[in-house]
Every structure is written in C-alpha cells, then in structure tokens.
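Following: one structure in structure tokens, then a few remarks.
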There are 2 protein chains.
Amino acid sequence: MSTDKREHILTEAEKLFAEKGFDGTSVRDIAHNAGVNLAMISYYFGSKEKLLESLIELRAGYTIGILEELNKDQTLSPWDKIERLVEYYVNKIITNIPFHNIMHQQALNARSVEIKDLIMSIKLRNVEQVRKIFTDGLQKGVFRQVDIEMTMGSIMGTISQYTISRDFGCRVLHIEQTNEETYRAELAIRLKAHLKQLLKAHLGIKDGEK
Amino acid sequence: MSTDKREHILTEAEKLFAEKGFDGTSVRDIAHNAGVNLAMISYYFGSKEKLLESLIELRAGYTIGILEELNKDQTLSPWDKIERLVEYYVNKIITNIPFHNIMHQQALNARSVEIKDLIMSIKLRNVEQVRKIFTDGLQKGVFRQVDIEMTMGSIMGTISQYTISRDFGCRVLHIEQTNEETYRAELAIRLKAHLKQLLKAHLGIKDGEK
DNA sequence: TTGAATTAAACAAACGTTTAATTAAAATAT
DNA sequence: ATATTTTAATTAAACGTTTGTTTAATTCAA
C-alpha cells in the first residue's frame with residue numbers, strides 16, 4: 001500500500017468533507033474524486049470513520065512542536081511570543097482552511113466518541129501551550145490582568161470567523177470573490193494586524209515596549 | 001394544521017440537528033422524537049430541507065428589530081451601545097445554543113442554495129446594524145481607529161468559541177460539567193466581562209468615560 | 001358530507017461495507 | 001536468469017440497511 005496513494009485519498013476526502021460535511025460526503029464520492037475503486041477505501045482505512053481519524057492524525061501532528069519551541073525560547077519577551085503566536089496561528093489556519101473547517105464541524109457534531117476524544121486531546125494540548133505564554137506574561141507583570149481562557153478564545157474565534165465561510169468573508173470584508181489566493185492573502189494581513197492591535201491594547205502593552 | 005404542533009416538531013428537530021447535525025439526523029428521528037407520524041413531516045413542511053428553512057425563519061426573525069432600536073436610541077453614547085450590544089448578543093446566543101449551533105454548521109457546509117442565501121441575508125443584515133454602531137463611534141471621535149469588520153469578527157468569534165462545544169468549554173474554563181444551567185450562567189458572565197474589557201481597551205475608552 | 005389530519009405501507013435511490021474473483025508485484029526456488 | 005509460488009493490490013458486483021418521499025386508505029373535525 002503506497003503512502004502516496006493513501007495521502008492522495010486523504011487529500012481528496014479532505015476537500016469533500018470541508019465542502020459538503022462528513023455526513024454529506026459519500027464513500028463513493030471520495031473514491032470517485034480520488035480516482036480509485038470504491039472498495040479501496042475500506043481496504044486502506046477500514047471504514048469512512050477511520051479514514052477521518054487518519055486524516056486528523058496526519059494533519060494535526062505538526063502544530064504542537066512549534067508551540068513548545070516558542071515556549072522554550074528564552075530570548076523572546078512575553079509580548080514577542082504573543083506576536084509570534086498570532087503570526088503562526090493565522091498562517092497555519094489560512095493555509096489549511098479545509099482541514100480547519102473539518103475540525104470545526106467535528107467539534108460541533110462529531111457522533112463518534114473516538115473522533116470527539118481525538119479532537120479534544122489535540123485542542124487541549126494546544127490550549128495548554130498557549131496558556132503558558134499568557135501566565136508567564138502575567139507573572140512577570142508585563143501583561144495586564146485579563147481572563148486568559150477568554151482571551152485565547154478571542155484569538156481562535158476571530159481567526160475562525162472569516163476563514164470558515166469565504167462567501168460571508170468576501171461580502172463583509174469587501175474583497176473581490178474571484179480569486180481564492182488573493183482572498184487568503186488579504187485576510188491573513190488584516191487578521192494579523194487586527195489581532196496584534198487588539199491584544200496589545202487588551203494586555204496593556206505600551207507602544208515601543210519590548 | 002395547528003401552529004403548536006408545527007412548532008413542536010421544529011423544536012424537536014432543532015435539538016436533533018444541533019446534536020447530530022442536519023445530515024446526521026433522519027426524518028424518522030425527528031418524527032419519533034416529536035411523537036408524530038413520519039409522513040407528517042412532508043405533509044407539514046414539504047421536505048426535510050424546507051423544515052430547516054422554516055426553523056431558521058422562525059428563530060431568526062427576532063434579532064434585527066432589537067439592533068435597529070439600539071441604533072435609533074439617541075440617549076446612548078457609542079460606548080454604551082457597544083456594552084448593550086455585548087449584553088444582547090451574549091444573552092441571545094447563550095439562550096439559543098442549539099439554534100446557534102445549527103446556524104454555524106450550515107454556514108460551514110450548507111449544500112442547499114436556499115439555505116445558504118437565507119443565512120447570508122440574516123447575517124449581513126445584522127452585520128450592517130452593528131457596523132453602524134462602530135462607524136458612529138469612529139466619526140464622533142469616541143473610538144480609536146480600528147478595523148471595524150475584524151472587530152465585529154472578534155465579538156462573534158469569541159462568543160462562538162466556547163458556546164459551540166460545551167465539553168471543550170468545560171475543560172478549558174474549569175467549570176463543573178454536571179449542570180447545563182450553571183455552565184451557561186458562568187459562561188455568560190465571563191463572556192460579558194471579558195468582551196467589555198477587551199473592547200474598552202481596543203477602542204481606547206478611558207475609565208469613567210461615557 | 002366535505003375537507004383536513006393521520007396512518008401504515010411501500011417506493012426507489014443511496015448508503016457503508018463485504019465478497020469473491022482477478023491482476024500485479026514480490027519473494028522464493030530452480 | 002527463469003520459473004514458480006506467495007502475497008498484495010485492484011476490481012465489479014452484491015450485500016443488507018437506511019435514506020427522504022409518496023401513496024392510498026382511514027380517522028377526525030367542521
């Protein structure tokens with residue numbers, strides 16, 4: 001079983017799940033779009049649900065390492081780390097919108113306990129790393145007293161808001177709906193600028209402060 | 001055809017759609033939970049999809065009036081209006097989590113053009129009303145220069161973040177998972193306090209300023 | 001007695017998965 | 001190197017359910 005073909009099927013499934021939802025996508029859809037026989041899905045992954053698990057495990061592996069490195073870095077000030085965090089998260093989600101879409105829909109309505117637990121563990125692990133950055137800044141007195149969990153929610157929620165539905169984003173943000181690439185680029189720029197300004201004020205960072 | 005029974009079916013469908021998703025809920029599920037015969041769904045609503053449209057129209061009618069009134073009110077300062085807006089949105093979503101969940105999943109993956117358009121028009125109408133509050137505050141020089149659309153995204157996104165998945169919210173916010181009511185109450189309090197603090201700093205409102 | 005409400009049964013289509021047969025590739029023996 | 005055996009990959013077809021919707025008969029209320 002070639003890894004190439006496995007990943008190709010997962011990539012095609014990712015597109016379909018993101019567009020039509022997990023339940024709205026049939027195994028025949030996936031097989032047809034990937035150009036493989038229907039039975040190969042069960043042969044490779046065991047079931048449609050296991051295929052989703054495989055996809056999540058494939059895509060979610062990368063993130064946690066980056067956050068751990070960011071936390072370890074002693075040369076960066078707490079505010080520097082927040083800026084890096086914003087840059088990283090915006091880039092990551094913008095370049096993986098379909099997968100982020102799937103995670104979102106499964107967080108909403110996953111009926112499989114395995115999927116629920118998998119997503120929960122991934123999200124909690126990331127949350128703990130981000131929380132460290134905030135508690136560190138608070139302890140050092142660099143940040144104003146804030147609700148850390150809610151502030152994390154604002155970061156993730158803001159990014160999700162316009163990435164999830166492009167049609168809505170285009171209409172509200174007044175971006176030409178023609179090109180997918182230009183939309184992403186413009187969205188990333190505005191998200192980063194906005195979140196930095198928002199968090200700087202919220203955390204009470206003075207201009208020019210390190 | 002009694003309106004009571006119609007609304008009863010819609011309420012039961014709402015619960016199921018929120019829990020298992022639109023595609024994950026069968027018409028037989030709905031009929032069984034509502035205690036009516038399977039054929040009554042088609043008889044009342046025409047189809048499963050039309051049922052969803054009916055549900056959205058039933059629930060979404062209320063919001064826009066409140067926002068229009070808020071905008072008209074000449075006695076309130078721009079910042080007062082923002083505070084009212086936060087109060088209103090948090091209350092509205094917290095007390096209608098299942099419906100909000102459905103709107104969210106349909107914004108992600110709706111395959112029906114009618115549903116897509118319906119949701120888009122509802123969201124855009126609300127966005128325009130909220131935008132007015134911000135542009136008003138900016139023109140009067142009460143608010144700092146900010147990205148209005150992104151700021152609106154932060155408000156909606158923050159509220160969505162923990163309302164969408166209660167399991168996740170409980171784990172991150174350290175709220176006992178036992179009682180649904182206490183979770184909602186606690187979440188509402190923290191959301192309102194956080195959003196007011198966040199927006200006050202972001203918009204550059206001085207303490208004690210009206 | 002007329003029209004609406006309700007029912008059980010049936011409909012064809014689509015679903016995820018499995019089967020059994022066939023082809024391709026790899027491993028082993030000659 | 002060639003032939004043979006063994007394993008893996010791929011296929012078309014079928015499996016039994018479940019899906020949303022409709023039908024035709026029956027009950028209920030006006």
Side-chain angles (χ1 to χ4, degrees), chain A residues 1-58 102 105-106 109-116 118, chain B residues 1-58 102 105-106 109-116 118:
Chain A
M1 132 172 60
S2 88
T3 309
D4 283 2
K5 189 161 277 183
R6 247 186 75 101
E7 287 205 12
H8 177 239
I9 295 172
L10 288 177
T11 304
E12 293 302 315
E14 184 178 43
K15 290 181 202 163
L16 289 166
F17 288 160
E19 194 189 320
K20 316 203 287 178
F22 179 75
D23 288 314
T25 303
S26 73
V27 179
R28 281 168 181 81
D29 267 346
I30 299 170
H32 179 257
N33 274 46
V36 301
N37 186 276
L38 168 63
M40 297 306 293
I41 308 294
S42 295
Y43 183 75
Y44 275 165
F45 302 99
S47 69
K48 186 186 174 187
E49 206 173 282
K50 290 270 180 63
L51 183 151
L52 176 58
E53 281 184 52
S54 298
L55 174 62
I56 294 174
E57 278 160 3
L58 175 70
I102 294 169
Q105 65 174 257
Q106 288 300 314
N109 306 119
R111 270 162 300 136
S112 144
V113 183
E114 287 80 12
I115 302 279
K116 271 186 181 167
L118 183 57
Chain B
M1 135 169 61
S2 85
T3 311
D4 284 359
K5 188 161 279 182
R6 247 187 75 101
E7 288 206 10
H8 178 238
I9 295 172
L10 288 176
T11 305
E12 293 302 316
E14 185 179 44
K15 291 181 203 166
L16 290 166
F17 288 161
E19 194 189 320
K20 316 203 287 177
F22 179 75
D23 287 314
T25 303
S26 72
V27 180
R28 281 166 181 82
D29 267 347
I30 300 170
H32 179 258
N33 274 46
V36 301
N37 186 277
L38 169 64
M40 296 307 292
I41 307 293
S42 294
Y43 183 74
Y44 275 164
F45 303 98
S47 70
K48 185 185 174 188
E49 206 172 282
K50 290 271 180 63
L51 183 150
L52 176 58
E53 282 184 51
S54 299
L55 174 62
I56 293 173
E57 278 159 1
L58 175 70
I102 294 169
Q105 62 173 262
Q106 289 300 313
N109 307 117
R111 269 161 303 137
S112 145
V113 183
E114 286 80 11
I115 302 279
K116 271 185 182 168
L118 183 56

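Proteins get letters first, then strands, A, B, ... in listed order; numbering begins at 1 in each. From a predicted model like this one, the values you see are computed outputs, not experimental measurements.
- Look at B:Y44 and you'll find a side-chain N or O under 4.0 angstrom from OP1 or OP2 of C:dT6.
- The CZ-P distance, from A:R111 to D:dT18, rounds to 14 Å in whole Å.
- Considering all non-hydrogen atoms of both residues, B:Q105 and B:G21 come closest at OE1-CA, 3.4 Å.
- Closest heavy-atom contact between A:Y44 and A:K5: OH-CD, 3.5 Å.
- In this structure, A:I41 reaches neither bases nor backbone, as no heavy-atom distance under 4.0 Å exists between it and the strands shown.
- Atom-to-atom, CE of B:M40 to C1' of D:dT27 comes out at 12 Å; the value is rounded to the nearest Å.
- Proximity note for B:S42 (side chain, C-beta onward) versus D:dT22, C:dT17, D:dT11: the nearest is D:dT22.
- What separates CG of B:N37 from C1' of D:dT26 is a distance of 12 Å, to the nearest Å.
- C:dA20 atom C1' lies 15 Å from atom CG of A:L38, rounded to whole Å.
- Applying the 4.0 Å criterion to OP1 and OP2 of D:dT19, one finds that B:K48 has every side-chain N and O outside that range.
- The stretch residues 19-29 of chain A participates, sequence neighbours left out, in these side chain to side chain donor-acceptor pair (under 3.5 Å) pairs: A:K20-A:D29, A:D23-A:R111.
- In this structure, the NE2 atom of B:H32 is 13 Å from the P atom of C:dA8, given to the nearest Å.
- In terms of heavy-atom proximity, A:L51 sits nearest to A:F17 at CD2-CE1, 3.8 Å.
- Residue contacts for A:K5: at a heavy-atom cut-off of 4.0 Å it reaches the sugar-phosphate backbone alone, with no base atom in range.
- Under the salt bridge (Lys or Arg N to Asp or Glu O under 4.0 Å) criterion, B:K15 pairs with B:E12, not counting sequence neighbours.
- In this structure, B:Y43 atom OH and C:dG3 atom P are separated by 13 Å, rounded to whole Å.
- Taking atom CG on B:L52 and atom P on D:dG20, their separation rounds to 13 Å, with Å as the unit.
- Between A:K50 atom NZ and C:dG16 atom P the separation is 16 Å, expressed in whole Å.
- Near-neighbour residues of DNA chain D inside residues 8-30 of chain A, defined by a heavy atom below 4.0 Å, number-ordered: A:R28.
- Relative to the six-membered ring of A:F22, A:K48 meets both conditions, a distance below 6.0 Å and an angle of at most 45° to the axis.
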